[in-house]
Amino acid sequence: DMEPAASNLKLLCINTIVGSLQTVQREAVSMLPEEVVHSIWSCIEQRNLACDDWIATLLPSLSTLQQISVPHSSITGQSLRLLKSCQYLTSLDISFCLRINPEDFNELQDFTDLMHLNISGCNIGDEEARGLRELKKLRSLNIKGCDAILYETTIFIIKALDDLQTFEHDPHHMDSNVYPASRSYHYLDDSSDSDVEEENLNKKMAFWDNYRRQHDSWR
């Protein structure tokens, strides 16, 4: 019976800490065993209480995290800069984190091991969105509600991400009315057409064509 009792006591302590975020000494929390800190962080995620201060405090014990999900939280660009030290991070959900300024999204270029990224509803600008092309390992990307991202930039990103399998977007990101005039390889790629392997180019454009057909079916 000792093991369940110890587990219940641990849970009680975690709930007490998380429930008293405004008064608890964050430095003291950071000195707790890593397993306990991970449990505290899980509670913070579940209760949508993530903030810059808590990420800064707990980060030394969170460096092995593979997934971080803090949608609708109050984090800012400061947290993005800190989270770059999570070298095992493969999934990041910062959707509707409205306190992150457009220029702060440039930090995402350094998250090169990400496989899943959700920035839906964020204030990312069109220029900053172009940096997403550096995330070569992305398999899923959600930019729904990112109104500043233009059609041309959407294709610019798609062309660069060979491993992308799931792409959630708004209709204006894939506007078939603009599509014929804007299908410019020179515009969408830093290199000339002759520098792009035909097989890879066909693969990327086939991916785009599929989404164009989806959009046409919505009209």
Side-chain angles (χ1 to χ4, degrees), residues 2-124 128-129 131-132 134-146:
M2 291 296 294
E3 187 172 338
S7 179
N8 290 335
L9 179 60
K10 172 185 169 183
L11 183 60
L12 177 62
C13 292
I14 290 172
N15 286 332
T16 300
I17 291 172
V18 175
S20 307
L21 290 179
Q22 301 303 320
T23 58
V24 70
Q25 291 291 326
R26 292 189 173 95
E27 291 75 14
V29 173
S30 66
M31 297 172 61
L32 294 171
E34 184 171 322
E35 178 187 355
V36 176
V37 174
H38 275 248
S39 297
I40 293 173
W41 175 250
S42 294
C43 287
I44 290 173
E45 281 189 319
Q46 292 168 10
R47 301 184 187 187
N48 195 28
L49 297 173
C51 63
D52 290 343
D53 286 344
W54 273 108
I55 288 179
T57 300
L58 302 179
L59 192 61
S61 297
L62 299 176
S63 59
T64 59
L65 281 181
Q66 295 182 341
Q67 300 181 9
I68 291 180
S69 180
V70 289
H72 298 273
S73 69
S74 64
I75 69 167
T76 69
Q78 176 186 343
S79 288
L80 288 185
R81 287 184 282 277
L82 292 172
L83 291 175
K84 289 192 291 186
S85 65
C86 296
Q87 58 182 328
Y88 299 104
L89 189 64
T90 60
S91 178
L92 179 63
D93 183 350
I94 52 174
S95 55
F96 294 94
C97 291
L98 301 181
R99 295 188 63 192
I100 302 178
N101 295 321
E103 61 271 18
D104 292 327
F105 286 95
N106 286 320
E107 304 293 339
L108 290 177
Q109 298 181 41
D110 296 324
F111 289 72
T112 53
D113 287 324
L114 276 185
M115 300 173 68
H116 309 282
L117 176 63
N118 187 344
I119 55 172
S120 59
C122 286
N123 295 321
I124 186 171
E128 290 78 22
L132 298 178
E134 303 299 329
L135 308 182
K136 304 296 186 182
K137 297 182 181 179
L138 273 188
R139 295 182 181 177
S140 67
L141 174 63
N142 189 335
I143 61 170
K144 295 187 72 173
C146 297

Task: Minimal non-hydrogen separation, His72 against Asn48, with atom names - done: O-ND2, 3.4 Å

Task: Donor-acceptor under 3.5 Å (His38 side chain, Pro33 main chain) - done: no

- [ ] Looking only at non-hydrogen atoms, find the nearest pair between Val70 and Glu45 and report the distance.
- [x] CG1-CG, 4.4 Å

Open item on the list: I'd like to know whether Leu58 forms a side chain to side chain contact (heavy atoms under 4.5 Å, CB included) with Ile44, so could you lay out the CA-CA distance, the side-chain angles of the two residues, the decisive distance to 0.1 Å, and finally the verdict.
Closed with: CA-CA 11 Å; Leu58 302 179; Ile44 290 173; 3.9 Å; yes

Task: SG on Cys146 to CZ on Phe105, rounded to 0.5 Å - done: 7.0 Å

Open item on the list: Quick check for you: to the nearest 0.5 Å, what is the distance between Ser69 atom OG and Gln46 atom CD?
Closed with: 10.0 Å

TODO: Please tell me if the side chains of Ile68 and Leu83 come closer than 4.5 Å, counting only heavy atoms from C-beta onward.
DONE: yes

Task: Lys144, NZ atom: more than 12 neighbouring heavy atoms under 6.0 Å - done: no

Open item on the list: Return the CD1 to CG distance between Ile124 and Leu132, rounded to the nearest 0.5 Å.
Closed with: 5.0 Å

TODO: Calculate, to the nearest 0.5 Å, the distance between atoms CH2 and CG belonging to Trp41 and Leu49 respectively.
DONE: 10.0 Å

Open item on the list: Any non-hydrogen side-chain atom of Lys137 less than 4.5 Å from a side-chain atom of Asp113?
Closed with: yes

Open item on the list: Using 0.5 Å steps for rounding, measure from the CD atom of Glu128 to the CD atom of Gln109.
Closed with: 9.5 Å

For residues 90-100, dump all side-chain donor-acceptor pairs below 3.5 Å to protein atoms at least two apart in sequence or in another chain.
from  : atom 1 : to    : atom 2 : distance (Å)
Thr90 : OG1    : Gln66 : O      : 3.3
Asp93 : OD1    : Ser95 : N      : 3.0
Asp93 : OD1    : Ser95 : OG     : 2.8
Arg99 : NH1    : Ser74 : O      : 3.4

TODO: For residues Ile119 and Leu108, determine if any side-chain heavy atom of one lies less than 4.5 Å from a side-chain heavy atom of the other.
DONE: yes

- [ ] Quick one: pull up OG1 in Thr57 and CG in Asp52 and give me the separation to the nearest 0.5 Å.
- [x] 10.5 Å

TODO: State, yes or no, whether a side-chain contact exists between Ile143 and Leu117 at a heavy-atom distance under 4.5 Å.
DONE: no

Task: Residue pairs fulfilling salt bridge (Lys or Arg N to Asp or Glu O under 4.0 Å) with at least one residue in residues 71-90, sequence neighbours excluded - done: Arg81-Asp104, Arg81-Glu107, Lys84-Glu107, Lys84-Asp110

Open item on the list: With heavy-atom distances below 4.5 Å as the criterion, would you say the side chains of Leu59 and Ser85 are in contact?
Closed with: yes

Task: Heavy-atom side-chain contact between Asp53 and Ile55 under 4.5 Å - done: no

Open item on the list: Give me each pair satisfying salt bridge (Lys or Arg N to Asp or Glu O under 4.0 Å) with a member in residues 54-72, each pair once, sequence neighbours excluded.
Closed with: none

